[in-house]
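Computed from a predicted structure; not experimentally measured. The figures that follow rest on heavy atoms only: side chains count, while hydrogens, waters and symmetry mates do not. Chain naming here is simple, since letters A, B, ... match the order of the sequence lines and numbering starts at 1 in each.
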Amino acid sequence: MTDATTISPKEVGHGEVAGGSSIAPDAGMSPFEQRIIQLAKEFPKGIPGKILQNDMPTTVSADERAIVINKLLAQGILDIYKQGNELLYKLKGGKSSEPDQIKDADNEEKVVFDIIKEASNMGIWIRDIRLASNLTLSQLNKIVKSLETKKLIKAVKSVAASKKKVYMLYGLDPHRSLTGGAWYSDQDFESEFVTILNQQCFKYLSDKRQQAQANVDDVGPKAKMAIALTTLDDLWKYICNLGISKVELTPEDITSILNTLIFDGKVEKIRKGDLEYYLAAEPMLETTGLIQVPCGVCPVIKDCSERGLVNPGSCLYMNNWLSSEF
Amino acid sequence: MSMQCSKLCSLIIGETFGMPVQSVVDVLLQKGPSPLRHVLTSMMKSMPIEAIHGALKTLIQHFVVNFHVNSTTGETIYSVNHEKTIEIMRYPRYYAHAEQMVGPVGREVLEEIVQSGLVSISKLIYICGSRVMKSNPDVTEAVLFEQLNLFQTTAMRLAAKKYIVIVPPPSPDNENNEADPGAHKDSHKLPAVDLKVLLGKLLKTNETKLESLPDANILWGIYIQQFHAELRNSMVYQALERKFKSMIDPRVIQVVIEVGLERHQWEDEGAPVSMHEIKDRIEKMPDGLATSKHISEHLEIVEDDPMRILSRLSNQLGGHFAFNMKTAVSELLWNIIDKIITEKHGFHALRIFRLVKASGFVEQDTINEIGMVPGKEAKHLTYKLVDDHFINIKEVKKTYTTNAPPGKTCTVFYVDSSQIVRSLQEYCYKAAYNLKLKSKIEQAKIKRLSVKEERITRILVNMTNKNCAEDQLNEIRELLTPPERGLLLRYQFSSGKLLSGTIQVDETLFVTELYLKYHGKNFPKKK
């Protein structure tokens with residue numbers, strides 16, 4: 001099987017099954033070819049080489065068998081995989097799922113295309129393609145470039161590592177972990193968008209609290225609290241209805257925003273049984289004593305000493321503070 | 001104790017007791033606990049021995065210097081009590097609190113006690129009476145007696161509110177000095193004082209011997225712990241009032257604090273208070289009926305709060321609730337730290353700090369992702385927080401091998417609460433020191449002018465007493481030129497601002513001390 005071994009077999013993933021085949025033995029095919037296709041259908045997970053060998057009449061030599069298999073591989077009917085030390089032959093997916101350009105591509109391109117296809121929308125790094133395909137880097141670069149030109153695959157930059165490119169099929173939308181979800185646009189963190197959402201969420205919660213505080217009816221604190229408390233669902237609907245986002249936001253996105261508000265100390269999460277509510281928090285302190293004096297917020301306090309260049313006697317911050325409001 | 005704290009202590013002593021006493025304290029601060037001969041050797045050339053003895057006596061009387069006998073050498077060792085020294089900075093707050101609770105005479109009496117360090121009640125009333133006589137030499141006997149009576153009643157009120165206490169005289173026994181003087185049941189019981197005898201002594205102006213009075217050996221001092229407890233309660237109450245603004249009646253929390261911590265003020269958690277008791281007390285307050293109608297709802301809201309400061313201990317009789325003061329103080333401190341971080345580094349830094357605090361150990365990537373702060377800014381702010389000791393940094397090996405290469409380690413950030421508190425205390429010491437030093441510098445700048453103003457004022461008083469003409473008075477007044485008046489006015493404004501600044505810094509320092517006391521060592525627990 002000299003020809004077959006020129007193409008590096010792919011590793012078979014666990015639980016992998018062949019896609020629904022629409023390949024039917026062709027009338028123009030030799031009986032050997034027809035038998036192989038039939039066997040491939042019987043073994044959807046792949047026909048091991050030994051079974052193929054035993055199934056064939058003894059008159060069929062190894063060379064003849066290799067020619068038939070190589071022909072089927074070249075036609076794109078069969079695919080070759082490697083499981084341990086054993087070779088597996090598997091029927092390829094339906095012809096309709098393959099783009100037209102790949103049909104005319106050479107074997108290396110097809111292998112690389114399949115590796116990238118398997119990675120789906122998570123994408124695959126060039127180094128991993130090289131390891132899986134056993135191709136040299138220069139060869140692989142050419143193939144990848146050719147596939148990109150044919151618009152069969154595309155390169156996507158990951159937000160986690162901006163210099164690391166991953167490849168995926170052209171028509172796929174990259175996974176959230178690659179794009180960063182709603183908060184990234186072309187690998188750039190949309191800081192302003194996050195700030196606006198942050199402000200809008202807080203405004204909504206804050207308005208609800210003020211509404212509750214303004215309620216002077218003798219309804220009791222529990223009823224007041226009920227006005228002020230907000231569920232994630234309510235907030236999500238409110239933000240979606242505002243129409244400030246071009247991308248569709250999920251409740252998880254709003255949870256992320258609410259978490260930032262919790263870390264800002266502006267919102268608190270209140271649990272009542274299994275339910276979670278959000279409430280605009282009032283700070284315990286308006287200010288604190290230390291920051292009311294210039295030394296409390298001084299950027300050079302570490303360099304300040306009695307005799308040094310920075311000293312309380314000639315301190316500009318201190319002098320400005322003392323002369324203010326005079 | 002840190003260098004910064006020692007410098008502040010020295011400045012406070014100088015401000016309160018004068019330069020000679022400060023120089024004695026400086027020796028003790030520099031040398032650490034030392035026997036008298038060390039102090040004498042260092043000071044002999046600059047001060048007479050009697051003055052050194054006098055300074056030490058004053059410091060001991062105000063509990064600023066402790067002494068104990070070394071068991072091996074038999075020498076008496078003197079050391080500076082930093083905590084007590086720093087507390088001197090807090091006296092204006094104690095006075096203001098006493099004035100609020102007992103009235104202006106209460107403040108006056110308390111000031112006298114503080115100035116004396118330790119004093120018997122008879123002597124205290126005598127000192128207050130002599131001050132009345134000094135300010136008004138024509139005071140009649142009846143009015144003076146009335147005044148003495150007022151001072152006695154005020155002292156009784158101060159004792160009843162536990163602001164003053166019978167204090168055993170300083171002794172070389174450390175345990176005795178550290179014991180809570182208020183623990184004894186009669187420690188706030190005022191002795192009987194014969195006001196007529198005191199009046200007689202006051203009228204005989206040369207009669208200053210008070211040792212013969214029956215209570216001469218019962219010495220009273222300020223009971224700091226009571227002030228601390230009340231200031232703590234007031235701070236916590238104000239903070240919670242702000243937090244639950246308009247949602248609940250904060251008086252509910254006040255009642256739980258007051259009743260729960262009435263007997264054992266320094267317990268982490270107050271005694272359980274029944275809902276009925278809270279309701280009864282609220283009903284007696286103005287507009288309390290409306291609150292008492294929904295009392296369970298008020299309590300439920302505080303109970304559900306994520307701070308967990310109120311816990312329901314049982315459901316009997318509508319429920320028993322206990323207030324956790326330790327948690328409340330911690331929350332107060334974290335809020336202070338939050339404010340400082342926001343003011344110094346902005347709200348993104350606060351977000352990062354709170355995120356690290358909530359997460360325990362966290363990597364930079366996680367901070368960027370959960371904090372939703374742009375990568376570069378997050379990194380910059382994280383390192384600023386590390387630089388200011390708000391967060392700590394630690395390298396963790398990814399593998400279990402002994403010599404992990406640099407690529408196999410990751411950097412995690414975490415919050416060490418005790419380190420933050422200590423570092424915050426250092427900031428406070430430095431800020432207070434700088435403010436006091438600035439005040440001293442400003443005072444030195446204006447010294448010549450102050451002396452001139454004092455002299456002119458004295459002359460004016462004399463001339464007014466002699467009924468001089470207005471023209472003559474104006475002539476004297478004009479000796480102080482308008483620019484000089486402007487300078488004096490500016491100095492008065494500056495010194496006032498510096499003093500209030502020191503009090504504000506002390507507010508923060510007080511919370512850090514409370515936090516360390518709740519989370520640390522030697523705090524008076526119930527006996």
Using a cut-off of under 4.5 Å on heavy-atom pairs, state which of [options] scores highest against chain B.
{"options": "Val194(A), Asn311(A), Ile301(A), Ile270(A)", "answer": "Ile301(A)"}
{"options": "Val297(A), Leu279(A), Leu285(A)", "answer": "Leu285(A)"}
{"options": "Pro283(A), Gly313(A), Pro299(A)", "answer": "Pro283(A)"}
{"options": "Asn259(A), Thr260(A), Val293(A)", "answer": "Thr260(A)"}
{"options": "Ser191(A), Gly265(A), Gly296(A)", "answer": "Gly265(A)"}

Given Asn434(B), which partner from the list Pro294(A), Cys315(A), Cys298(A), Cys295(A) fulfils the side chain to side chain contact (heavy atoms under 4.5 Å, CB included) test?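 That would be Cys295(A); it is the only one of Pro294(A), Cys315(A), Cys298(A), Cys295(A) passing the side chain to side chain contact (heavy atoms under 4.5 Å, CB included) with Asn434(B).
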Is there side-chain contact between Glu507(B) and Thr288(A), with heavy atoms separated by less than 4.5 Å? no
With heavy-atom distances below 4.5 Å as the criterion, would you say the side chains of Lys269(A) and Pro306(B) are in contact? no
Using a cut-off of under 4.5 Å on heavy-atom pairs, state which of [options] scores highest against chain A.
{"options": "Thr502(B), Asp365(B), Ile370(B), Leu498(B)", "value": "Leu498(B)"}
{"options": "Gly375(B), Cys428(B), Pro374(B)", "value": "Pro374(B)"}
{"options": "Leu435(B), Ile441(B), Leu240(B)", "value": "Leu435(B)"}
{"options": "Ile248(B), Asp249(B), Leu350(B), Ile301(B)", "value": "Ile301(B)"}
{"options": "Met372(B), Lys339(B), Glu343(B), Lys344(B)", "value": "Met372(B)"}
{"options": "Thr291(B), Ile340(B), Thr342(B)", "value": "Ile340(B)"}

Please step through side-chain contact (heavy atoms from CB on, under 4.5 Å) for the pair His294(B) and Lys224(A), ending with a clear verdict. CA-CA 12 Å; His294(B) 302 288; Lys224(A) 273 187 180 183; over 6 Å; no
Residues Glu426(B), Lys302(A): salt bridge by 4.0 Å N-O rule: no
Is Glu300(B) salt-bridged to Lys222(A), going by a charged N under 4.0 Å from an acidic O? yes
Pick one of side chain, backbone, both or neither for [X], based on which atoms fall under 4.5 Å of a heavy atom in chain B.
{"X": "Ala281(A)", "answer": "neither"}
{"X": "Met225(A)", "answer": "both"}
{"X": "Asn198(A)", "answer": "side chain"}
{"X": "Ile262(A)", "answer": "backbone"}
{"X": "Ser256(A)", "answer": "both"}
{"X": "Glu286(A)", "answer": "both"}

Segment of [X] engaging chain A (4.5 angstrom heavy-atom cut-off):
{"X": "Glu241(B)", "answer": "neither"}
{"X": "Asp506(B)", "answer": "neither"}
{"X": "Asp338(B)", "answer": "neither"}
{"X": "Leu332(B)", "answer": "both"}
{"X": "Val511(B)", "answer": "neither"}

Spacing of [X] atom [atom1] and [Y] atom [atom2] [to the nearest 0.5 Å]:
{"X": "Lys245(B)", "Y": "Met284(A)", "atom1": "NZ", "atom2": "CE", "value": "14.0 Å"}
{"X": "Asp264(A)", "Y": "His348(B)", "atom1": "CG", "atom2": "NE2", "value": "7.0 Å"}
{"X": "Glu442(B)", "Y": "Met318(A)", "atom1": "CD", "atom2": "CE", "value": "9.0 Å"}

Is the [atom1] atom of [X] crowded by more than 12 outside heavy atoms at less than 6.0 Å?
{"X": "Arg485(B)", "atom1": "CZ", "result": "yes"}
{"X": "Glu303(B)", "atom1": "CD", "result": "yes"}
{"X": "Asn320(A)", "atom1": "CG", "result": "yes"}
{"X": "Leu137(A)", "atom1": "CG", "result": "yes"}
{"X": "Lys154(A)", "atom1": "NZ", "result": "yes"}
{"X": "Phe193(A)", "atom1": "CZ", "result": "yes"}

Glu282(A) backbone acceptor or donor facing Arg242(B) side chain under 3.5 Å: no
Whether Thr508(B) side chain and Leu290(A) backbone form a donor-acceptor pair below 3.5 Å: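 Pair found, side chain donor or acceptor close to backbone of Leu290(A).
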Considering all heavy atoms, the nearest Glu306(A)-Tyr433(B) contact: OE1-OH, 2.5 Å
Could you tell me whether Lys357(B) sits above the aromatic face of Phe263(A), with NZ or CZ closer than 6.0 angstrom to the six-membered ring centre and within 45 degrees of the axis? no
Lys438(B) and Asn319(A): side chain donor to acceptor below 3.5 Å: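 Short answer, yes.
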Is a donor from one side chain sitting under 3.5 angstrom from an acceptor on the other, for Lys7(B) and Ser305(A)? no
